[in-house]
Amino acid sequence: MTTGPPSPRDWPHRSSPRFEGIDRVTPAPRGVTVGSVPAPLGEGIHVVTAHNPGGRLASRVENDGAHQDLLGRPRRRGLRWWPAVGGDMEGRHTEESAAIVGLSDHEACALGRHFGQDAVFARSAATWRLLSCFEAEEARCGWQATKRSQRD
C-alpha cells in the first residue's frame with residue numbers, strides 16, 4: 001500500500017541544483033542568502049525535472065524524451081529559462097532540469113505533477129523552498145550560490 005509522495009519535511013536539504021554559470025545552490029539557515037542566481041530582480045526561479053517519473057529509474061531514452069518535452073513548455077510560453085541540474089548533496093545522483101523564470105508556484109507544481117515529480121524547487125531573493133507537487137506543503141530554508149571557478 002502506498003501512502004503517496006513523501007512530504008517536503010521528509011526531504012531536508014536533499015538536493016543541490018546547479019545553474020548555468022553557478023556551480024551549485026545549497027541550503028543555508030533560514031534568513032541567510034549568499035551569492036546570486038541569474039534572474040531578474042524580484043522574480044523567482046522554479047527548478048523542474050522530467051527525469052525518473054514517480055521515483056522509478058527510467059531509461060536514458062525515456063528521460064531524454066521527457067526532458068525535451070519539458071524544455072518545450074517554457075519556450076512555447078516565451079518564458080526565460082536555462083539548463084539546470086538537480087541532485088543529491090554529494091553529487092552521486094543528478095537529473096537534468098530546467099530553471100524557469102515566470103511561473104507561479106501553482107504552475108510549477110502542476111508542471112512537476114505532469115512529469116511525475118514529487119516536488120519542485122522555488123528560489124526567491126530570500127528563500128529556497130522545496131514545494132510538494134501533490135500537497136500544500138513546503139520545506140523552507142535560506143540559500144547560498146557558489147559561482148563556478150574560472151577553470152571549470
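Treat the numbers as computed from the prediction; the structure is a model and nothing was measured.
- Shown here for Q117 and F134, the closest heavy-atom pair between the two residues is O-CE1, 3.2 Å.
- No donor-acceptor pair closer than 3.5 Å links the side chain of R123 to the backbone N or O of I45.
- Between E96 and L70, the closest side-chain pair of non-hydrogen atoms is not below 4.5 Å.
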Q) What's the verdict on side chain to side chain contact (heavy atoms under 4.5 Å, CB included) for R75 and W81, showing C-alpha distance, side-chain angles and the deciding distance? A) CA-CA 8 Å; R75 286 178 182 145; W81 70 275; 3.3 Å; yes

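- Under the 4.5 Å side-chain heavy-atom criterion for grouping Ile, Leu, Val, Met, Phe, Trp and Tyr, W128 is not connected to V32 through any hydrophobic cluster.
- The two atoms that bring S59 and E62 nearest to each other are N-OE1, 2.8 Å, heavy atoms only.
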Q. Can you list the steps and then say if I100 with L111 is a side chain to side chain contact (heavy atoms under 4.5 Å, CB included)?
A. CA-CA 11 Å; I100 306 169; L111 190 57; 3.9 Å; yes

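- Taking the six-membered ring where the residue is Trp, H51 and H67 present perpendicular rings, their angle passing 60° and hence far from 30°.
- In this structure, A28 and C141 approach most closely via the heavy-atom pair O-CB, 3.3 Å.
- By the side-chain hydrogen bond (donor to acceptor under 3.5 Å, both in side chains) test, S104 is found to be paired with E107, residues two or more places apart in sequence or in another chain being considered.
- Partners of N52 according to the side-chain hydrogen bond (donor to acceptor under 3.5 Å, both in side chains) rule, which considers only residues two or more places apart in sequence or in another chain, are N63, E95.
- Side-chain contact between L131 and H46 is present, with heavy atoms from C-beta onward closer than 4.5 Å.
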(Q) Run V101 and W82 through side chain to side chain contact (heavy atoms under 4.5 Å, CB included) and show every step you take. (A) CA-CA 9 Å; V101 177; W82 56 90; 3.6 Å; yes

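- Among residues two or more places apart in sequence or in another chain, the salt bridge (charged side-chain N to carboxylate O under 4.0 Å, His left out) test is passed with R76 by none.
- Across all non-hydrogen atoms, the minimal contact from A119 to L130 is CB-CD1, 3.8 Å.
- Looking at heavy atoms from C-beta onward, D69 lies in side-chain contact with H114 at the 4.5 angstrom threshold.
- Shown here for A108 and V48, the closest heavy-atom pair between the two residues is O-CG2, 4.4 Å.
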Q: Please assess D105 against R129 for the test side chain to side chain contact (heavy atoms under 4.5 Å, CB included), listing each intermediate value before the final yes or no.
A: CA-CA 10 Å; D105 288 351; R129 297 176 296 140; 2.8 Å; yes

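- Remark: side-chain polar atoms of W143 are paired, donor with acceptor, to backbone N or O of S124 under 3.5 angstrom.
- Considering all non-hydrogen atoms of both residues, A50 and F115 come closest at CB-CD2, 3.4 Å.
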